[in-house]
Amino acid sequence: MKFLVTGGAGFIGSHYVRDLLAARFPGTAGCEVTVLDKLTYAANLDNLPLSDPRLTFVQGDICDAEMLSALLPGHDAVVHFAAESHVDRSLADGTPFVTTNVLGTQILLNACARAGVGRFLHVSTDEVYGSLLQGSWTEDTLLEPNSPYAASKAASDLMARAYWRSSDVEVSITRCSNNYGTHQFIEKLIPLFVTNLLDGLDVPLYGDGHHVREWLHVRDHCRAVHLVLTEGRGGEIYNISAGTELTNRELTERLLALCGADWSRVRQVPDRTAHDERYSVDTSKIREELGFAPEVPLEEGLTEVVAWYRDNRAWWEPLRARAALSV
Ligand code: NAD
């Protein structure tokens with residue numbers, strides 16, 4: 001099998017690539033992987049085992065149709081992680097989000113259809129559903145995105161479905177909750193808080209921290225993505241999460257404890273515009289149809305993450321300037 005992974009130098013994509021090359025998924029021993037990544041501020045080539053002869057890295061933009069038409073032939077499947085992914089940046093300027101997430105996804109799907117790529121997994125997010133106070137979203141719930149990031153992902157989901165319906169590409173879509181794990185760029189909540197605490201800095205908590213998120217370890221997300229790629233049905237959407245809900249305040253308390261700090265290090269900052277109150281996805285479909293079950297308990301995963309950032313300063317210290325927006 002030959003896979004093309006877009007956004008494979010980012011957080012989740014690079015975990016997926018390393019898992020593929022290490023044959024952590026059934027049937028992937030000896031597979032070949034092409035990573036296509038524009039190398040935006042969020043990418044890090046140190047995330048990839050570039051010396052592996054089964055890995056080919058291509059720096060390029062999913063909006064470049066000419067490059068794609070030359071690159072795609074010969075690949076059995078495309079796993080599409082590439083995106084502008086940070087909500088706060090989308091609130092400052094949504095334009096790059098529409099360009100990469102909507103237009104880029106359409107150009108990529110178009111190129112796949114022309115190159116005869118048979119299988120396409122579009123990685124999306126629970127944020128497309130909006131916000132809810134009680135209950136959980138199923139895959140059929142109305143999309144009510146509240147940020148330019150979420151709206152651009154929702155639009156890309158619709159484009160993915162349209163190409164499934166109107167071309168020969170078997171497209172499936174996954175919508176996952178918040179991920180956490182090693183190698184995550186330090187603008188996102190968990191790595192930002194952990195690296196600040198390790199450096200003796202305060203952590204910026206939005207409002208009173210009552211917003212609720214579900215957290216899934218990135219290894220579990222990657223397993224679910226591969227499961228949908230290999231066993232999921234074309235034209236279908238699969239929600240993914242571990243069902244582990246925490247308020248941002250509760251998460252902050254856990255990170256403080258793991259870093260040996262207390263609440264005096266928390267600096268409450270004005271709430272994010274249109275901040276979604278709560279996300280919760282119903283994962284019955286992927287559990288019952290594909291037998292997916294998350295494996296990494298939150299406490300164990302968070303402990304691993306804090307230890308990794310503590311032991312890998314050389315990975316994240318040079319990124320401080322690039323992450324300045326969120327600090
Ligand atoms: P990330 O920001 O860490 O990585 C994104 C990668 O895409 C980067 O390497 C970047 O260089 C690349 N990229 C951006 N624009 C590109 C373009 N035009 N052409 C080629 N490459 C480009 O993001 P992530 O957190 O790893 O998220 C990956 C995917 O998973 C995204 O589609 C995101 O919407 C989705 N997702 C993320 C989470 C989460 O909690 N991080 C949760 C659910 C879904």
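In listed order, ligands and their atoms are each counted from 1. Quick note: numbers below take in every heavy atom, side chains included, and nothing from hydrogens, waters or symmetry partners.
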Per ring-ring contact (aromatic ring centres under 6.0 Å, His included), His183 is matched among Trp316, Trp308, Phe11 by Trp308
Kindly confirm or rule out an N or O of [X] lying under 3.5 angstrom from an N or O of ligand 1.
X      : answer
Ser85  : yes
Ser124 : no
Ile62  : yes
Lys153 : yes
Phe81  : yes

Taking the six-membered ring for Trp and the full ring for Phe, Tyr or His, determine whether the centres of [X] and [Y] are under 6.0 Å apart.
X      : Y      : answer
Phe185 : Tyr41  : yes
His211 : Tyr206 : no
Tyr309 : Phe193 : no

Close approach, [X] and ligand 1, non-hydrogen under 4.0 angstrom:
X      : answer
Asp37  : yes
Tyr180 : no
Ser14  : no

Which atoms of ligand 1 are found less than 4.0 Å from any heavy atom of [X]?
X      : value
Ser177 : 42 (C), 43 (C)
Asn178 : 40 (O)
Ala43  : 9 (O), 11 (O)

*Check the angle between the aromatic planes of Trp137 and Tyr279 and answer parallel, tilted or perpendicular using the 30° and 60° thresholds.*
tilted
Practice problem: Mind telling me whether His15 and His217 have parallel, tilted or perpendicular rings, with 30° and 60° as the class edges? | Solution: perpendicular
If you draw the axis of the six-membered ring of Tyr238, does the NZ or CZ of Arg233 fall within 45° of it and under 6.0 Å from the ring centre? no
Under a 4.0 Å heavy-atom limit, does [X] contact ligand 1 with its side chain, its backbone, both, or neither?
X      : result
Cys63  : neither
Tyr149 : side chain
Leu39  : backbone

The residue among Asp282, Asp140, Asp157 that forms salt bridge (Lys or Arg N to Asp or Glu O under 4.0 Å) with Arg175 is Asp157
To which of [options] does the heavy atom nearest [atom] belong?
atom                    : options                      : value
atom 5 (C) of ligand 1  : Gly104, Gly60, Ala42, Ala83  : Ala83
atom 37 (C) of ligand 1 : Leu189, Asp61, Asn179, Ile12 : Ile12
atom 16 (C) of ligand 1 : Lys188, His15, Lys38         : Lys38

Result for side chain to side chain donor-acceptor pair (under 3.5 Å) between Ser172 and one of Glu236, Arg161, Arg119 points to Arg119
Protein heavy-atom partner closest to [atom] - residue, atom, separation in Å:
atom                    : answer
atom 35 (C) of ligand 1 : Val123 CG1, 4.0 Å
atom 4 (O) of ligand 1  : Gly10 CA, 3.5 Å
atom 43 (C) of ligand 1 : Cys176 O, 3.4 Å
atom 25 (O) of ligand 1 : Phe11 CD2, 3.7 Å
atom 15 (N) of ligand 1 : Thr100 CG2, 3.5 Å

Open item on the list: Please check: side-chain N/O of Asn179 versus main-chain N/O of Ser177, any donor-acceptor pairing under 3.5 Å?
Closed with: yes
Hits for side-chain hydrogen bond (donor to acceptor under 3.5 Å, both in side chains) against Arg54, two or more places apart or cross-chain, chain-then-number order -> none
| request: Decide, yes or no, whether a salt bridge links Asp88 with Lys188 under the criterion of side-chain N to carboxylate O below 4.0 Å. | output: no
Pair Tyr129-Asn239, side-chain donor/acceptor within less than 3.5 Å = yes
